[in-house]
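We count residues from 1, following the sequence as given.
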Amino acid sequence: MSVLCYNKGCAQRFDPEKNLDDACTYHPGVPVFHDALKGWSCCKRRTTDFSDFLSIAGCTKGPHNKEKPPEPVKPDVTVSADKKDADDQKPKFNEYIISAPKPLESICRPSADEPLVRMQHKVSASLRQALEKLKLSDNTVEEKEEDSDEIKIGTSCKNGGCMKSFDGPASNEDVCSYHSGFPIFHEGMKYWTCCKRKTSDFNTFLSQEGCTKGTHVWRKKDTGKKVVPCRFDWHQTGGQVIISIYAKNSIPELSYVEANSTTLNIHILFEGEKVFEQKIDLWGVIDVSKSVVNMMAAKIEVAMKKSEAMSWARLDLPPPVTQPKENEKEREEGDSEDEDE
């Protein structure tokens with residue numbers, strides 16, 4: 001009976017009775033995410049694409065491991081008895097009741113059909129230097145390897161979340177379970193945008209089964225400029241909402257961010273041929289004239305000025321909930337009774 005190997009980077013099934021000392025190729029280190037680069041602490045290979053990171057071959061040989069690693073335990077925060085006694089001995093007089101200021105009148109949400117205006121953008125010196133280096137490297141023509149139709153044995157599937165490898169023509173007939181969205185890392189939680197099963201443990205995140213069925217993709221299609229997913233995150237201050245898009249070497253002349261008071265349209269061209277597009281219906285209202293796009297070598301920051309000093313519950317506004325059809329049935333029944341009378 002085959003069991004699943006829990007070594008990082010393996011995720012293969014094996015027979016415990018035939019577990020050799022060099023049967024598993026895995027990563028003994030931990031995943032590293034820094035400046036949009038992804039890799040393992042045990043080896044030096046780095047990549048910006050999450051699918052390529054998942055397909056990085058292990059750097060260490062050893063036996064398979066069938067024991068599932070324990071999930072991290074949150075420490076219990078307990079209050080000591082001395083602190084409780086100190087709180088009880090505090091005097092309970094001279095307390096002043098301060099009334100909160102009256103809340104400001106809420107701003108009516110503008111229409112989403114307002115015309116979109118391009119935000120002003122600022123280009124950092126680091127991005128200009130990186131683009132100049134890329135232009136110099138493009139002048140030296142390098143011979144590219146000719147693409148062949150043959151797929152090598154052991155090639156991993158390029159679909160996100162799929163851990164299968166190419167073992168021969170029979171692998172093309174297998175059903176691929178993958179994630180159609182892209183990974184999000186926000187406030188210590190990790191999840192895919194397509195199914196949003198959140199977890200704080202990276203191994204649990206990697207082992208999440210795909211939510212979409214399809215066919216395996218053994219090689220990436222090179223079609224010039226292509227729309228690709230890109231990792232982005234957001235945070236807020238008292239007066240701003242900042243979106244960070246982790247796209248390296250973006251091209252300022254061909255990138256733009258359009259917005260009105262409630263809608264944001266992002267179009268970023270980066271790394272020569274990749275395009276990131278995202279349209280967001282904002283949870284709150286912004287002042288476009290006081291918002292700015294900061295373009296840096298490793299990321300783009302969209303700093304949006306809040307029109308109202310309030311905390312946003314989330315970045316995007318959820319779609320409106322459709323009313324149940326029970327009200328329509330009651331109206332039809334009421335109309336039929338009026339006709340009978």
Side-chain angles (χ1 to χ4, degrees), residues 1-34 37-47 49-78 152-168 170-171 173-214 216-218 231:
M1 180 178 179
S2 62
V3 295
L4 181 65
C5 177
Y6 287 99
N7 285 336
K8 299 173 185 176
C10 179
Q12 302 292 330
R13 304 191 74 88
F14 69 97
D15 188 354
E17 297 180 356
K18 300 179 181 179
N19 188 12
L20 302 177
D21 293 338
D22 58 348
C24 179
T25 303
Y26 66 100
H27 292 284
V30 294
V32 177
F33 298 92
H34 181 66
L37 294 176
K38 307 166 186 67
W40 295 90
S41 61
C42 51
C43 48
K44 296 182 179 180
R45 183 176 175 184
R46 296 293 184 268
T47 179
D49 187 75
F50 191 78
S51 298
D52 291 341
F53 163 72
L54 293 179
S55 62
I56 294 177
C59 58
T60 304
K61 292 282 188 179
H64 289 292
N65 179 22
K66 66 178 181 180
E67 295 182 2
K68 186 176 182 180
E71 295 185 0
V73 180
K74 295 183 180 179
D76 296 332
V77 180
T78 57
K152 296 182 179 179
I153 300 296
T155 302
S156 59
C157 180
K158 299 301 184 292
N159 287 332
C162 180
M163 296 293 183
K164 297 294 183 65
S165 299
F166 182 76
D167 295 331
S171 300
E173 300 177 359
D174 295 339
V175 178
C176 178
S177 298
Y178 66 98
H179 294 283
S180 57
F182 51 92
I184 293 292
F185 300 90
H186 180 63
E187 295 182 352
M189 303 303 292
K190 307 165 184 64
Y191 60 95
W192 295 88
T193 56
C194 48
C195 51
K196 295 187 178 180
R197 288 179 288 175
K198 297 184 179 180
T199 179
S200 59
D201 185 65
F202 189 76
N203 291 327
T204 305
F205 167 73
L206 290 180
S207 61
Q208 285 184 359
E209 186 178 359
C211 58
T212 305
K213 303 292 184 181
H216 291 293
V217 177
W218 305 117
R231 184 169 71 90

J.: Can you find a heavy atom in the side chain of L54 that is under 4.5 Å from one in the side chain of S156?
T.: no

J.: Kindly compute the distance separating CH2 (W40) from CZ (R46), expressed to the nearest 0.5 Å.
T.: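 Interatomic distance, W40 CH2 to R46 CZ, rounded to 0.5 Å: 11.0 Å.
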
J.: Could you check whether any side-chain N or O of K190 sits under 3.5 Å from a backbone N or O of S200, counting only pairs where one atom can act as donor and the other as acceptor?
T.: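 Yes, the answer is positive, given that a donor and an acceptor are paired below the 3.5 Å cut-off.
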
J.: Which pair of heavy atoms, one from H216 and one from D174, lies closest together, and at what distance?
T.: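 Of all heavy-atom pairs spanning H216 and D174, the closest is CD2-O, 3.6 Å.
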
J.: Donor-acceptor pairs under 3.5 Å, side chain of residues 175-183 to any protein atom, not counting sequence neighbours: which ones?
T.:
from : atom 1 : to   : atom 2 : distance (Å)
S177 : OG     : K213 : NZ     : 2.7
H179 : NE2    : Q208 : O      : 3.3

J.: As a quick check of understanding, evaluate side chain to side chain contact (heavy atoms under 4.5 Å, CB included) for K38 and F33, giving each step before the final call.
T.: CA-CA 5 Å; K38 307 166 186 67; F33 298 92; 3.4 Å; yes

J.: I need the R231 CZ to T193 OG1 distance, nearest 0.5 Å.
T.: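 Answer for the CZ-OG1 pair, R231 versus T193, is 13.5 Å.
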
J.: Please report the interatomic distance NE2(H186) to NZ(K198), rounded to the nearest 0.5 Å.
T.: 7.5 Å

J.: V3 vs F14, test: side chain to side chain contact (heavy atoms under 4.5 Å, CB included). Steps then yes/no.
T.: CA-CA 6 Å; V3 295; F14 69 97; 3.5 Å; yes

J.: Nearest 0.5 angstrom please: K44 NZ to S41 OG, how far?
T.: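 Separation between the atoms: 13.0 Å.
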
J.: Does the plane of the ring in F205 sit parallel, tilted or perpendicular to the ring in W192? Use 30° and 60° as the thresholds.
T.: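 F205 vs W192 ring planes: parallel.
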
J.: With heavy-atom distances below 4.5 Å as the criterion, would you say the side chains of S171 and K164 are in contact?
T.: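 They are not in side-chain contact.
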
J.: Rounded to the nearest 0.5 Å, what separates atom CZ in R45 from atom SG in C59?
T.: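 Separation between the atoms: 12.0 Å.
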
J.: Could you state the interatomic distance from OG (S207) to CG (D201), rounded to the nearest 0.5 Å?
T.: 8.0 Å

J.: When you measure from the side chain of D49 to the backbone N and O of D52, does any donor-acceptor pair fall under 3.5 Å?
T.: yes

J.: Would you be so kind as to tabulate the donor-acceptor pairs closer than 3.5 Å made by side chains of residues 21-32, with sequence neighbours excluded?
T.:
from : atom 1 : to  : atom 2 : distance (Å)
T25  : OG1    : K61 : NZ     : 3.0
H27  : NE2    : I56 : O      : 3.2
H27  : NE2    : A57 : O      : 3.3

J.: Could you tell me which non-hydrogen atom of T47 sits nearest to which non-hydrogen atom of F53, and how far apart they are?
T.: CG2-N, 3.6 Å

J.: Measure across F166 and K152 and return the closest heavy-atom pair with its distance rounded to 0.1 Å.
T.: CD2-O, 3.6 Å

